[in-house]
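The block underneath contains the structure these notes are about, expressed in structure tokens.
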Amino acid sequence: MGEAGEEEAAAPAAAGSQEVEADEQGMLAEALDAVSSLASASLSATLFPLKWQLIRDRLNRLHAGLADITATGADDENGEGRCDAFVSLLRDVAAAAREALELVPRSQGRHYGGGKLRLRSDLDLLAAALDAHVARLDEVYASGALARARALVVPRPGAGATRDDVRFYVRDLFARLRVGGAEVRREAAAALAEVLRDDEKCVRVVASDVPDGVGVLVALLECPDARVQEEALEAVSVIAGSDAHRGDLVVGGVIAPVVRVLDAGACSAAAKERAAGVLCRLTQNSDNAWAVAAHGGVTALLNVCTDHGASGGELVCAACRVLRSLAGVDEIRKYMVADAGAVPALVSLSQGAATDDAARIQSMELLAAIASGGDGSAREAVIQEGAVESLVRALDPSSPTRSSKAREVALRAIDAVCLSPPTSTDRLLAAGFLDRVLSLLRNGDTTLQHSALKAAHRLCQVSEEIRKAMGDAGFMPEMVSVLRAAKSPETRDMAAEAICALVSVHRNRKRFVQDDRSVAQLLQLLGPDEEKPTPAKRFLLSTLMHLTDSSSGRRKIMSSEHVRNLEKLAETDVLDAKRIVKKLGGSKLRSIFHGIWSL
């Protein structure tokens, strides 16, 4: 066929296309008129006003969607199918709106047409039908059969704008989210997330003033468009941070889709991080922890931790924070330990070579939280999975991948797992814990030294065997050094009490006295500072009392140039000082103190 023939064949086709488009425009106008008529008529309804308000909201959504589109895609190979769907939708919307008009006079109180129960049921059916039409409009739009006929953009209200201005702007964004094309929805979602972050009024507007605002956001959480999904998650995260409106999200069904985002392999890393952030905020309320667990949240979060190489550090950290909130509920913690395999996953995470420092810290804090709760079975499970050895390895000063913060957290976790109350201290010592703590006391920064001192102080209270091991390891001179350099009362008190506990063991006393400097340094620390003895000085006096049990200890005390500090305390009627002096005895000492005491 020649060019002339092709043109002749195309002419009828073009004419047919124009006729179809004209029919569609006529049906569109008919549907818009029917929807507008029903919305206007419904204002006169007096019965069931709340139901009619919901129906008007749905009518307005339909009208906004239909009024701002035009049919496209006729030239596409799938255009015919999309056109049929659009025409069918227009026909059904118009029919539903016309049929619903007869409900208005029945709702005006003059007659009921079968009674109020029948009217209530008919209104519920109408609302459901309109919901279905809105969903069909979204589907047809998503197929590409519809495009916006106009793109008027409502400007964002400035600082100090009224709530009405904010409401108008936010509602416009939601209209675009409901019926906009792909790029329009992306821009609207980003704008919504931004305005929610910047203006607290917008959170109230979305939760209270936008019809089904929370429902729209919840639906967008599983949008196949990654950018829309991420911005919707950001918007939901902002709302979840509001104490007043966090519950609206839960009632709106937000938890299930958020958990599914975490567990979906197709979702982006950014979407998963934001989903975890939403759960972090939601689980600040322990009641929401149950809902997260019921929707498979524990498993999804642990999968993130198990696959930490692919998940990324920020996501793993967020997942651990959520799990820590969940572990605060006894029954959920038991499930995590007994059924979900949380402990081995976290131990592996805490010592993995590929784990970044922040994720390692979060995993250790979570292990500590699990071990600290319940009846002891969780702690035993943590210990049996090798957590003690893993935590001690985290203290290794030669490891370049472990920061001071990680070592500090490891010390706190060891305290929670093994020392509060004392359990499995044999495993702790066998793992080389004493050497690690001693190294931190000698070479750690100020914060680490303080944490190591707390651990050593706690160990001193456990048993005589541990005190012997600490004496053999060389803790006593280090404790004296810590005491002398201490700036805070808490540090002085802990170091002095630890020295007193260590010296209470006979073997340690002999070793302590053999150090020429240690006794003199203790006496020096008794020097006059406060009028009343501090707790640290009382522990030092108790230490000296232990030392007077041996003749070598007494000789060391009496030969020290700082024994005058002891004399001054005795002169001020400090009972322990007077007892030490009396125990020391001897004519030389009596001549020094002039018999000023009488017990």
[atom1] of [X] to [atom2] of [Y]: how many Å apart, nearest 0.5 Å?
X      : Y      : atom1 : atom2 : answer
Gln461 : Leu419 : CD    : CG    : 11.0 Å
Arg260 : Cys267 : CZ    : SG    : 10.5 Å
Thr447 : His450 : OG1   : NE2   : 9.0 Å
Lys537 : Leu544 : NZ    : CG    : 12.0 Å
Leu522 : Leu483 : CG    : CG    : 7.5 Å
Ser424 : Glu380 : OG    : CD    : 5.5 Å

Exercise for the section: Could you walk me through whether Arg393 and Asp396 pass the salt bridge (charged side-chain N to carboxylate O under 4.0 Å, His left out) test, one step at a time? Expected result: CA-CA 5 Å; Arg393 282 194 293 272; Asp396 184 0; over 6 Å; no

For [Y], does its backbone N or O pair with a side-chain atom of [X] as donor and acceptor, under 3.5 Å?
X      : Y      : value
Ser348 : Pro344 : no
Ser560 : Lys556 : no
Arg246 : Leu282 : no
Ser372 : Ala369 : no
Asp263 : Ala300 : no
Thr299 : Gly296 : no
Arg281 : Ala240 : no
Glu230 : Ala270 : no
His457 : Leu453 : no
Ser559 : Arg555 : yes

[Y]/[X] salt bridge by N-O under 4.0 Å criterion:
X      : Y      : result
Glu365 : Arg412 : yes
Arg554 : Asp549 : no
Arg538 : Asp576 : no

Handout entry: Flag for Asn288-Thr283: side-chain donor and acceptor within less than 3.5 Å
Key =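 Side chains of Thr283 and Asn288: no pair found under 3.5 Å.
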
Problem - Donor on one side chain, acceptor on other, Gln284 and Ser325, under 3.5 Å - result: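 Result is no, nothing qualifies.
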
Taking all heavy atoms of [X] and all of [Y], pick out the closest pair and write down the distance.
X      : Y      : value
Leu411 : Leu440 : CD1-CD1, 3.8 Å
Gly252 : Val214 : CA-CG1, 4.2 Å
Ile361 : Ala406 : CG1-CA, 3.7 Å
Ala431 : Val392 : O-CG1, 3.3 Å
Phe539 : Asp493 : CD1-O, 3.9 Å
Pro257 : Glu222 : CB-OE1, 3.6 Å

Taking the side chain as C-beta and beyond, is there a heavy-atom pair between [X] and [Y] under 4.5 Å?
X      : Y      : result
Ser542 : Glu497 : no
Val337 : Val382 : no
Gln351 : Ser390 : yes
Phe512 : Val480 : yes
Leu434 : Leu438 : no
Leu584 : Leu566 : yes
Leu391 : Leu428 : no
Ile414 : Val388 : no

Handout entry: Qualifying residue for side-chain contact (heavy atoms from CB on, under 4.5 Å) with Val519, from Leu547, Val563, Thr543
Key =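 Filter result, single survivor: Leu547.
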
Practice task
Could you please spell out the steps behind the side-chain contact (heavy atoms from CB on, under 4.5 Å) verdict for Leu346 and Ile370?
Solution key: CA-CA 11 Å; Leu346 294 172; Ile370 291 173; 3.8 Å; yes

Problem - Within 6.0 Å of NZ in Lys583, more than 12 heavy atoms from elsewhere - result: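 Yes, the 6.0 Å shell around NZ holds more than 12 heavy atoms from other groups.
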
Problem - Evaluation steps, side-chain contact (heavy atoms from CB on, under 4.5 Å), between Asn443 and Leu448 - result: CA-CA 9 Å; Asn443 306 311; Leu448 267 179; over 6 Å; no

Practice task
List the steps, then state whether salt bridge (charged side-chain N to carboxylate O under 4.0 Å, His left out) holds for Lys578 with Asp573.
Solution key: CA-CA 7 Å; Lys578 295 172 71 175; Asp573 288 330; 3.4 Å; yes

Handout entry: Criterion side-chain contact (heavy atoms from CB on, under 4.5 Å) on Asp248 and Val254, from CA distance to verdict
Key = CA-CA 9 Å; Asp248 296 329; Val254 76; over 6 Å; no

Exercise for the section: Dump the intermediate steps for side-chain contact (heavy atoms from CB on, under 4.5 Å) on Asp415 and Lys454, then the final yes or no. Expected result: CA-CA 9 Å; Asp415 183 86; Lys454 283 185 175 181; over 6 Å; no

Exercise for the section: Determine, step by step, whether Glu465 and Lys468 satisfy the salt bridge (charged side-chain N to carboxylate O under 4.0 Å, His left out) criterion, reporting the C-alpha distance in whole Å, the side-chain angles of both residues, the deciding distance to 0.1 Å, and the verdict. Expected result: CA-CA 5 Å; Glu465 289 303 314; Lys468 287 180 180 178; 3.6 Å; yes

